[in-house]
Amino acid sequence: MTDKRFDTIIIGAGHNGLVCAAYLAKAGRKVLVLEAASQPGGAAATREFHPGFRVSSGAHLLTQLNPGVAKDLGLASHGLDYAARDLKTVALAEDGAHLVIDGGSVSGVSGNDAVAYAKFHSQNRRFGKVLDGFFSRRQPTLVDRSWDDAFSLLKLGWSLKRLGKEDMQDLMRVGLINIYDVANEHFDSELLKAAVAMDGVLGSHMGPRSPNTVYGYLHRHIADAWGNSGPALVRGGMGAVGQAFAEAARGFGAEIRCDSKVARVEMQGCHATGVTLESGETLFADTIVSNADPKTTFEKLVGYPNLDAGFSRRVHNFRSRGVSAKLHLALDTLPDFRGLDAALAGQRLLLAPTMDHIERAFNHAKYGEYSRAPVMEISIPSVHDDSLTPAGKHVLSAIVQFAPYALREGWDSGKEVFKRIALEQLERYAPGINNRVLASELSTPVDLEREFGMAGGHWHHGEIALDQALLMRPMPGAHQYRTPIPGLYLCGAGSHPGGGIMGLAGRNAAEAVIKHRKDREERAA
Ligand SMILES: Cc1cc2nc3c(=O)[nH]c(=O)nc-3n(C[C@H](O)[C@H](O)[C@H](O)COP(=O)(O)OP(=O)(O)OC[C@H]3O[C@@H](n4cnc5c(N)ncnc54)[C@H](O)[C@@H]3O)c2cc1C
């Protein structure tokens, strides 16, 4: 008979659930991770979508993996291997006059823009260092403060002061405006402005003129502060990252059970005491940690009857409407992007000509329509990794925006039309690409919700707007990884500091669980 009592049960084996499991197991806890899908990793996944063609079916570029987490968990020794690192970003132009961003330098623009970009990049790295101090630990709270919170706030104040007066003023100012205005202030090239704006809106229900897009940009560029100069491609696709996290967690003693969907959190009085699976099996633990997004956790697994009205309203109002679709193409040969040196085909390619174009593409999403001329982030990983396709063939993966979760006409009829629009858009930049397509697949936010169990198919499990970020993430009453239900914690992208394959939410949550337990034991002694 299996022992059904654990110190901690983690709902979900997304990378954050696995990171949390690893740190807790390392600290000596008996940890069980329950995953609905048949493999661990969450949206860090590789899937065969056409015979012989495999693709990263959720996240596709490793942009923000925290080096401290990777080191603590020994991910390299658990099979994490890069096919390419420090990718350049190529902002594609329809006429072939592309520009190339390589870390802090950019080519294909005027001398003034090149100098302005270098300055912009180095200032953002300094801002990133401030954010890093904030991302790498439990966020403080302004009420019910502890010594720990006071220390975090002091540290934040000190790192802001160290920025110097000019940077500090700039950070306060840009945080309150939008990426559209910021890019206009710095650059002349429309293509460069659009490339910068894309980093502010990818994965978010926002256009360049929306508030919070500068925060979105800084969030995405946090890894610049860790010394990265561009995203990486993982050999075997992102599923290999999920597997490496899972091996690390197992290595510290955590048990992972796949095909084990949790139906509800069990309560005794107001305390979380266990979970019941869809199979009907009930398992018990002192601590339950949810890697599922906040909406799923509170609406479905806990249930509104177990929450007070005010908190239930916050959960209900939490914004998690995804706008990113995923396009996968099996290609007979490498596509020819007009004017693009073949040596650059394996880099990160952006298809977004101007900021106004992005804004117009976003406008449709506000009204429940898909963009008629969508913008894209494209990767052709098979250029660097021949394990993904048959010899000589290629696979293209693109994030296509904007595709609103709640499409007015419904995705049943909208999906094929939107896929055709995306293919037509690609054809403008890579003439003949459609003749090379052996198979294609589009995953809408509704499909992504189904495949990865993330509410709304949202990149971050919920917008990272300022009212849902930092001190407020995901919502008052459930910040600092604790929830109104004693014994229930959050550890996923919906908690601080948000999404991306980063690992910090999982690590911070584990630290919060350990600290809370220690405080309780000290109080009881
Ligand atoms: C289209 C798209 C493209 C993206 N591209 C990138 C990218 O290129 N780079 C990047 O860094 N990030 C990208 N992201 C974001 C990134 O994938 C997420 O932020 C990240 O996966 C969040 O990790 P997580 O561990 O918190 O949650 P998830 O990866 O969502 O994992 C949560 C896990 O919980 C499980 N679960 C949920 N409910 C239950 C239940 N009831 N019982 C058991 N298990 C359950 C799910 O099955 C899942 O495995 C992208 C996201 C999307 C949607």
Side-chain angles (χ1 to χ4, degrees), residues 9-21 33-45 56-66 87 202-204 219-220 222-223 231-234 237-238 241-242 245-246 256-265 275-279 289-297 300-302 320 322-328 348 377-379 381 397-401 403 405 442-445 447-462 464 490-495 497-506 509:
I9 289 176
I10 298 184
I11 305 169
H15 82 286
N16 275 316
L18 295 167
V19 170
C20 188
V33 186
L34 297 167
E35 169 55 47
S38 52
Q39 78 217 351
S56 298
S57 52
H60 65 174
L61 293 171
L62 200 57
T63 307
Q64 297 147 302
L65 176 62
N66 181 265
L87 293 181
L202 261 176
S204 298
H219 187 280
R220 193 176 174 80
I222 185 72
L233 279 168
V234 175
M238 290 296 251
V241 184
F245 276 114
I256 303 169
R257 282 197 215 163
C258 292
D259 298 308
S260 302
K261 186 167 183 181
V262 172
R264 64 174 183 276
V265 171
V275 298
T276 294
L277 305 185
E278 280 198 337
S279 64
V289 185
S290 179
N291 179 204
D293 61 88
K295 266 220 150 89
T296 300
T297 302
K300 297 197 175 144
L301 303 182
V302 172
S320 55
V323 285
S324 307
K326 215 43 220 310
L327 177 71
H328 305 140
R348 173 182 183 239
E377 179 192 70
I378 302 164
S379 161
S397 159
I399 289 158
V400 189
Q401 283 187 201
Y405 174 77
L442 182 96
S443 297
T444 69
D447 297 322
L448 294 164
E449 178 181 65
R450 207 174 296 129
E451 184 170 355
F452 299 116
M454 36 168 71
H458 197 287
W459 185 299
H460 297 278
H461 289 187
I464 48 160
L490 297 176
C491 74
S495 42
I501 309 299
M502 199 189 283
L504 288 179

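In listed order, ligands and their atoms are each counted from 1.
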Show me the short polar-atom pairs for ligand 1: any N or O of it lying under 3.5 Å from a protein N or O, with distances only.
residue  : atom   : partner : partner atom : Å
ligand 1 : 8 (O)  : H60     : N            : 3.0
ligand 1 : 8 (O)  : L61     : N            : 3.0
ligand 1 : 8 (O)  : L61     : O            : 3.4
ligand 1 : 9 (N)  : L61     : O            : 2.7
ligand 1 : 11 (O) : I501    : N            : 2.8
ligand 1 : 14 (N) : W459    : NE1          : 3.4
ligand 1 : 19 (O) : W459    : O            : 2.7
ligand 1 : 19 (O) : G500    : N            : 2.8
ligand 1 : 23 (O) : H15     : ND1          : 3.2
ligand 1 : 25 (O) : H15     : N            : 3.1
ligand 1 : 25 (O) : H15     : ND1          : 3.4
ligand 1 : 25 (O) : N16     : N            : 2.9
ligand 1 : 25 (O) : N291    : ND2          : 3.3
ligand 1 : 26 (O) : N16     : ND2          : 2.9
ligand 1 : 26 (O) : N291    : ND2          : 3.4
ligand 1 : 26 (O) : A493    : N            : 2.8
ligand 1 : 27 (O) : H461    : NE2          : 3.3
ligand 1 : 29 (O) : A43     : N            : 2.9
ligand 1 : 30 (O) : H461    : NE2          : 2.8
ligand 1 : 41 (N) : V262    : O            : 3.0
ligand 1 : 42 (N) : V262    : N            : 2.9
ligand 1 : 44 (N) : A36     : N            : 3.1
ligand 1 : 47 (O) : E35     : OE2          : 2.7
ligand 1 : 49 (O) : E35     : OE1          : 2.7
ligand 1 : 49 (O) : E35     : OE2          : 3.0

| request: Would you please test L65 and V241 for side-chain contact (heavy atoms from CB on, under 4.5 Å) and show each step? | output: CA-CA 10 Å; L65 176 62; V241 184; 5.6 Å; no

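For the atom pair CD (E377) and CG (L61), the distance works out to 5.0 Å, reported to the nearest 0.5 Å. The line from CG of L87 to OG1 of T63 is 8.5 Å long, rounded to the nearest 0.5 Å.
No hydrogens or angles considered: a donor-acceptor pair under 3.5 Å links the side chains of H60 and S397.
If you run side chain to side chain contact (heavy atoms under 4.5 Å, CB included) between L18 and each of N291, I256, I10, only I256 comes through.
Scanning for side-chain contact (heavy atoms from CB on, under 4.5 Å) contacts around H458 gives S320, H460, E463, with sequence neighbours left out.
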